[in-house]
Amino acid sequence: MLHRILILSVFFPCMVFGQMFPFPYLTTTPPTQRSPQVFYFKSTGNNSNTGTDTTNAWQSLDRLTTVNLVPGDSIRFKGGDSIKGSCQLSDINFASSSARIVFRSYGSGRSTIILDTAGTKSIYLLYAQRIKIQFSALNFKGRYNTLTFTGGTSTSTAIYIYNINKSSTIGGDSTNVVIDSCDFTKLQNGVALDVNSYYKRGTYLITSSKFHDIALSGIFISGIVYSNCIIRNNEFENITGLPTIDYSGVGVSFLWCRNTKVERNYFNRIDRNSKISAAAIYYNSGRNNIVQYNEIRNVYRSASNEAVGVYFDCGSDSNVAQYNFIQNVGGFGIQLANAPSSFCGYPTTFGLMPGFVEDTLEASYNIARYNIIKCDSGGLGGVTMYSEPGSYGVNNPQKRNMIYNNLIYVKRGRRLNSADNIRVPTAINQFGRSDSVYIYNNIFVLDSAIAMRMDSIAYLGSARLVNAVIRNNLYYFITSPGAIIEQRTKFFNVSPFYWIHHEYTTLSGWADSTGYEKSGASYTYINSNPLINNLTVAMYGTSYMINPNFLDTLTNFKYSNVSPAINAGTNYNNEATRISANAIIDWFNTTLPVGAYDLGIYEKP
């Protein structure tokens, strides 16, 4: 039913977006290090100069390849100039120093580094030990054209750090990579941190930068475990994808990463041309990651692909998506998905990251809370929990995912994927088997859309929604689609496969039949207008950018004083703490709770 994203670096020996790299790392003893120096570049320089002052600056970036850089060196590019070329820096040893190597502009304005050779990297760091490096106030520009590129094995990347370490003594705890206030455009990839080391602890910060007109991925990060990795205050605009390459068109992509934080970023026009689906934010086999306060708009869906706002894939577990504004997404706003290990390609399969404990295939213990998700114009829906059809979907169900206190608006657009029989978009979709799911305190605003769809799979056994807790949600049907709840079974072990539908036209009929939204003989749902201020205007706002830094200061989406959502919630905090710390504030920074919990994203003071 749903195509999935496969990050290409899982193929042996190492492939990152089509580019092959060897595994062996250098073990030579570095020479005695000199004192740190400053090296200068300008467009009118000369590579025969000393490069040590502005008068004797070098001209092209290639000249840096001949220098044995040491911690504390500074590489400066003249503001307003365009510097061409690329450089590969290998085996820099930071083990005995806390100093960084810094790349930045000097003088007035920013310098632009031009990557004018296909299949290369502007700055390529290879096998650096305990790396400490910073890039500030630089523009990186390639010659890539999304309309003429035909694929192949080459990639153009502005900053590429590749460091495969199979020894804990090399990995160390002091890695420090900072990318601050840079601009990336006309590239296939903006930044790639291909660390692939279980022992890589440290700090990775990418902040206040812009990624636009990028083909494959704005940021690609692989193998960062037990690190302080933060992606904050960046803009991702027109990450196009390629019609000839599967799984392209991703804003931020993580492979085998844990303990990261993606916050206060803006995503717009993602995945326009990808052959198969992509996402604004994507995790493959991730754990303990937080995605919060991001604004995601216009993640496109063509006739042959699906696009997702926040995508936790391949058994990602114990992740939290909270306080995000997700609007006009072609697939689902948030997706939790399973896949077999043969598909996901865990690092130990390829001899990487020794000591890495593979997760099970369960997309479990994830939380989606206090998000605003608007789905219309052909999107599939708000939140989906998805287990692939087949024995692994049956034997490895998702467990204890929690979806609560979200505001989800769904409006039917064009006809959806008739081959998969997705006829009407839905607020919550469950496909495959999910155990002990909690869905509560949400507000669903539905315009010719279904509140919930629960799909089973008849294939080598049964797969279904079991032990679910669904209660204290508010359902507001602006225009009813007829059936408001669907339960379906898909049979694969017959030819051709077929569906059996069971549709409910009333909430009470569904509750009486299933036990959902009931406590004893009492119904726990609310079927009413939530009386949210400026709901329709805000949902259809035409402003180019709300600005993620101010998402929690919006005046829209608050309830009137007589809203039925006030004090109508329930409390499953004990379950939530299995996954993450409980939410302590609502969308608008009001401390939780004020009396009983309210529904949706707002806690009325």
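Given the structure is predicted, the values throughout are model-derived calculations rather than measurements.
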Checklist entry - Gln327 and Ile372: side-chain contact (heavy atoms from CB on, under 4.5 Å), yes or no, with the steps? => result CA-CA 8 Å; Gln327 183 172 3; Ile372 300 174; over 6 Å; no
Checklist entry - To the nearest 0.5 Å, how far apart are CD1 in Ile450 and CD1 in Ile484? => result 9.5 Å
Item to check | Considering all heavy atoms, the nearest Ile214-Gly190 contact | outcome: CG2-N, 4.2 Å
Checklist entry - Just how far is it from atom CZ of Arg297 to atom CD1 of Ile270, taken to the nearest 0.5 Å? => result 13.0 Å
Checklist entry - Any side-chain heavy-atom pair from Tyr525 and Leu507 closer than 4.5 angstrom? => result yes
Item to check | Heavy-atom closest contact (Val291 atom, Ile281 atom, distance) | outcome: CG1-CD1, 3.6 Å
Item to check | Contact check, side chains of Ile478 and Tyr409, non-hydrogen atoms, under 4.5 Å | outcome: yes
Checklist entry - Taking atom CG of Asp317 and atom CZ of Arg258, what is their separation to the nearest 0.5 Å? => result 7.5 Å
Checklist entry - Ignoring hydrogens and geometry, is there a side-chain-to-backbone donor-acceptor pair from Asn401 to Asn366 under 3.5 Å? => result yes
Checklist entry - Can you name the residues that form a side chain to side chain donor-acceptor pair (under 3.5 Å) with Thr524, not counting sequence neighbours? => result Glu517
Checklist outcome for this item: dist Thr384:OG1 -> Gln335:CD (nearest 0.5 Å) comes out at 5.5 Å
Checklist entry - Yes or no on side-chain contact (heavy atoms from CB on, under 4.5 Å) for Tyr438 and Ile367, after CA distance, side-chain angles and deciding distance? => result CA-CA 9 Å; Tyr438 286 75; Ile367 291 178; over 6 Å; no
Item to check | Distance (rounded to the nearest 0.5 Å) between Asn467 CG and Arg400 CZ | outcome: 8.5 Å
Checklist entry - Salt bridge check: are Glu237 and Lys210 linked by an N-O gap of less than 4.0 Å? => result no
Checklist entry - Run the side-chain hydrogen bond (donor to acceptor under 3.5 Å, both in side chains) check on Glu235 and Tyr266 step by step: do they pass? => result CA-CA 5 Å; Glu235 291 183 26; Tyr266 175 72; over 6 Å; no
Checklist entry - Taking Asn406 for the side chain and Ala368 for the main chain, is one N or O donor matched with an acceptor at less than 3.5 Å? => result yes
Item to check | Test item: Asn328 side-chain N/O and Gly379 main-chain N/O as donor-acceptor pair under 3.5 Å | outcome: no
Next on the checklist: Any side-chain to backbone donor/acceptor pair from Ser316 onto Cys314? Under 3.5 Å, distance only.
Outcome noted: no
Item to check | Tyr440 ring center within less than 6.0 Å of Tyr572 ring center | outcome: yes
Item to check | Positive for ring-ring contact (aromatic ring centres under 6.0 Å, His included) with Phe588, one of Tyr602, Tyr323, Phe557 | outcome: Tyr602
Item to check | Considering all heavy atoms, the nearest Gly218-Ile239 contact | outcome: N-CG2, 4.3 Å
Checklist entry - Are Asp447 and Thr479 close enough, and set up right, to give a side-chain hydrogen bond (donor to acceptor under 3.5 Å, both in side chains), and what steps lead you there? => result CA-CA 5 Å; Asp447 192 347; Thr479 303; 3.3 Å; yes
Item to check | Closest contact, heavy atoms only, Ala583 versus Tyr404 | outcome: N-OH, 4.5 Å
Next on the checklist: With heavy-atom distances below 4.5 Å as the criterion, would you say the side chains of Val310 and Val262 are in contact?
Outcome noted: no
Next on the checklist: Run Asn573 and Tyr597 through side-chain hydrogen bond (donor to acceptor under 3.5 Å, both in side chains) and show every step you take.
Outcome noted: CA-CA 11 Å; Asn573 286 343; Tyr597 279 89; 3.0 Å; yes
Checklist entry - What do the steps show when you test Tyr476 against Asn529 for side-chain hydrogen bond (donor to acceptor under 3.5 Å, both in side chains), and what is the final call? => result CA-CA 5 Å; Tyr476 176 39; Asn529 187 334; 3.3 Å; yes
Checklist entry - In chain order, what residues pass the ring pair (Phe, Tyr, Trp, His ring centres under 6.0 Å) check against Phe236, with sequence neighbours excluded? => result Phe211, Phe267
Checklist outcome for this item: In short, Ser563 meets Pro530 closest at the heavy-atom pair OG-O, 2.5 Å
Item to check | Side-chain touch Ile470/Met452, heavy atoms, less than 4.5 angstrom | outcome: yes
Next on the checklist: Closer than 3.5 angstrom, by distance alone: can the side chain of Thr514 be matched with the main-chain N or O of Trp510 as a donor-acceptor pair?
Outcome noted: yes
Next on the checklist: Would you say that Lys261 contacts Gln292 through its side chain, given a criterion of any heavy-atom pair below 4.5 Å between the two side chains?
Outcome noted: yes
Checklist entry - How close do Ile601 and Asp586 get, heavy atom to heavy atom, and via which atoms? => result O-CB, 3.3 Å
Checklist entry - Mind checking whether Cys375 and Leu380 have side chains closer than 4.5 Å, heavy atoms only? => result no
Checklist entry - Does Asn582 reach the main-chain N or O of Ala576 with its side chain, forming a donor-acceptor pair under 3.5 Å? => result no
Next on the checklist: With heavy-atom distances below 4.5 Å as the criterion, would you say the side chains of Phe444 and Ile408 are in contact?
Outcome noted: yes
Item to check | Distance in Å, Ser217 OG paired with Leu187 CG, rounded so as to fall on 0.5 Å steps | outcome: 11.5 Å
Checklist entry - Can you tell me if Asn441 uses its side chain to pair, donor with acceptor, with the backbone of Thr570 under 3.5 Å? => result yes
Next on the checklist: Donor-acceptor check, side chain of Glu263 to backbone of Arg232, threshold 3.5 angstrom: yes or no?
Outcome noted: no
Item to check | Partner of Phe254 by ring-ring contact (aromatic ring centres under 6.0 Å, His included), out of Phe312, Tyr311, Tyr204, Tyr283 | outcome: Tyr283
Next on the checklist: Do Ile443 and Ile532 have side chains that approach each other closer than 4.5 Å (heavy atoms only, starting at C-beta)?
Outcome noted: yes
Item to check | Main-chain N/O of Ile296 paired with Asn324 side-chain donor or acceptor, under 3.5 Å | outcome: no
Checklist entry - For Ser209, does its backbone N or O pair with a side-chain atom of Asn234 as donor and acceptor, under 3.5 Å? => result yes
Next on the checklist: Given Asn319, which partner from the list Asn289, Thr260, Asn288 fulfils the side-chain hydrogen bond (donor to acceptor under 3.5 Å, both in side chains) test?
Outcome noted: Asn289
